[in-house]
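One structure is given here, and the rest of the page talks about it.
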There are 2 protein chains.
Amino acid sequence: MSLLPHPATEEIQLAEVLRALADPVRLEIVDRLSREGELTCTGLGSEVGLHKSTMSHHYRILRESGLTLTRQEGRRKFIRLRREDLEKRFPGLLESVLDALERTGPQG
Amino acid sequence: MSLLPHPATEEIQLAEVLRALADPVRLEIVDRLSREGELTCTGLGSEVGLHKSTMSHHYRILRESGLTLTRQEGRRKFIRLRREDLEKRFPGLLESVLDALERTGPQG
DNA sequence: CAAAAAGTTGGACGCTCATCAAACTGGCTC
DNA sequence: GAGCCAGTTTGATGAGCGTCCAACTTTTTG
């Protein structure tokens, strides 16, 4: 039940994925999603300390790049990584980023 | 032969590498370097069609991020990818990007 | 020594982007 | 239905970035 626009797996663009990953806030979002699985917007925003509209902006970039999938349930939206889709489209790419995040953390 | 400032392998930062890759011009530079090996600045700039100072700007971002190594020889500078260093620091990351570039090209 | 060749640097311009605040939308609850 | 809840959208602001041009440095060549 996803009302929001997501790119199909074959339509995911490398440059857009890399651009979406090239921001420390979004890297931290991706890091948390990889460790904690599916999260709501408020669940994600609670530890970041930015305005909710700023977070919404980042969710959109992540979603439109193809990195995340957003599912609506009631008035909440659950966000998760599209790990399988990205593995099909760009094998090893997301997983190596997640591995790098585990090694050095979002700031390293 | 004074060497330019390059980060040590352990000092390469994930966010900086991703930011360096998040530009279509730099992605094309990385693509050409991966297919043709070591190239000079003019060799790289010949097919891109941007001003040489603009290219110089991109070379610096790539070098300072840790993606490339620049070696001076006479009045020319040779640029190549730091594939082994990056493999040590972030296993699979650069190689998966290069693989993605081979599949879809710098614009896909 | 003068001129060319290969890049770099600094300034300027326009555009994008991250951020916040306020208003808005759709869904739930009392 | 009134009011709250979870996010989004719009507008404004300030910082950063990609690009070009001109001037500069360094190295090679005539």
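Here is how names work: the chains are called A, B, and so on, in the same order as the sequence lines, proteins then strands, and each is numbered from 1.
Separating the NZ atom of B:Lys77 from the P atom of D:dT26 is a distance of 11 Å, rounded to the nearest angstrom. Distance, A:Ile79 CD1 to D:dA6 P: 14 Å, rounded to whole Å. Put simply, CG on A:Leu21 is 16 Å from C1' on C:dC17, counting in whole angstrom units. A straight line from CZ of A:Arg76 to P of D:dC5 spans 13 Å, rounded to a whole angstrom. Remark: C1' of D:dG7 and CZ of A:Phe78 are 13 Å apart, rounded to the nearest angstrom. Computed from coordinates, the B:Glu64 CD to D:dG16 P distance equals 15 Å when rounded to whole Å. For B:Arg71 and D:dT27, the CZ to C1' distance is 16 Å, given to the nearest whole Å. In this entry the distance linking OH of B:Tyr59 with P of D:dG18 reads 14 Å, nearest Å.
Following chains of ILVMFWY side-chain contacts shorter than 4.5 Å, one can reach A:Leu33 starting from A:Val48, so the two form part of one hydrophobic cluster.
Here the options are B:Asp85, B:Leu69, B:Thr68, the test is side chain to side chain contact (heavy atoms under 4.5 Å, CB included), and the partner is B:His6; only B:Leu69 passes. Just one residue in the list B:Lys77, B:Arg32, B:Arg76, B:Arg80 forms a salt bridge (Lys or Arg N to Asp or Glu O under 4.0 Å) with B:Glu38, and that residue is B:Arg80.
The pair B:Arg82-B:Glu84 fails the salt-bridge criterion, with no side-chain N (NZ, NE, NH1 or NH2) lying under 4.0 Å from an Asp/Glu carboxylate O. Between A:Glu28 and A:Arg26 there is no salt bridge, since none of the side-chain N atoms of the basic residue sits less than 4.0 Å from a carboxylate O of the acidic one.
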Check the pair B:Tyr59 / B:Ile29 against side chain to side chain contact (heavy atoms under 4.5 Å, CB included), numbers first and verdict last. CA-CA 9 Å; B:Tyr59 302 147; B:Ile29 293 175; 4.0 Å; yes
Output, in order, the C-alpha distance, side-chain angles, deciding distance and verdict of side chain to side chain contact (heavy atoms under 4.5 Å, CB included) for A:Leu14 and A:Leu93. CA-CA 10 Å; A:Leu14 177 63; A:Leu93 178 56; 3.7 Å; yes
For A:Val30 and A:Leu98, run side chain to side chain contact (heavy atoms under 4.5 Å, CB included): C-alpha distance rounded to whole Å, both residues' side-chain angles, the deciding distance at 0.1 Å, then the answer. CA-CA 8 Å; A:Val30 167; A:Leu98 298 182; 3.7 Å; yes
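Within residues 30-39 of chain A, no residue has any heavy atom closer than 4.0 Å to DNA chain D.
Side-chain proximity of A:Ile61 to C:dG7, D:dG7, C:dA18: nearest is C:dA18. Comparing D:dA6, D:dT9, C:dA6 by their closest approach to the side chain of A:Ser56 singles out D:dT9.
Among the atoms of the strands shown, none is found under 4.0 Å from any heavy atom of A:Leu44.
OP1 or OP2 of C:dC17 lies within a sub-4.0 Å distance of a side-chain N or O belonging to A:Arg19. Remark: A:Arg26 is in phosphate contact with C:dA18, judged by side-chain N or O atoms under 4.0 Å from OP1 or OP2.
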What string of B, S and - do you get for nucleotides 19-30 of chain C, 5' to 3', when a contact is any protein heavy atom under 4.0 Å? BBBB----BB--
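Between the side chain of A:Arg89 and the backbone N or O of A:Glu10 there is at least one donor-acceptor pair closer than 3.5 Å.
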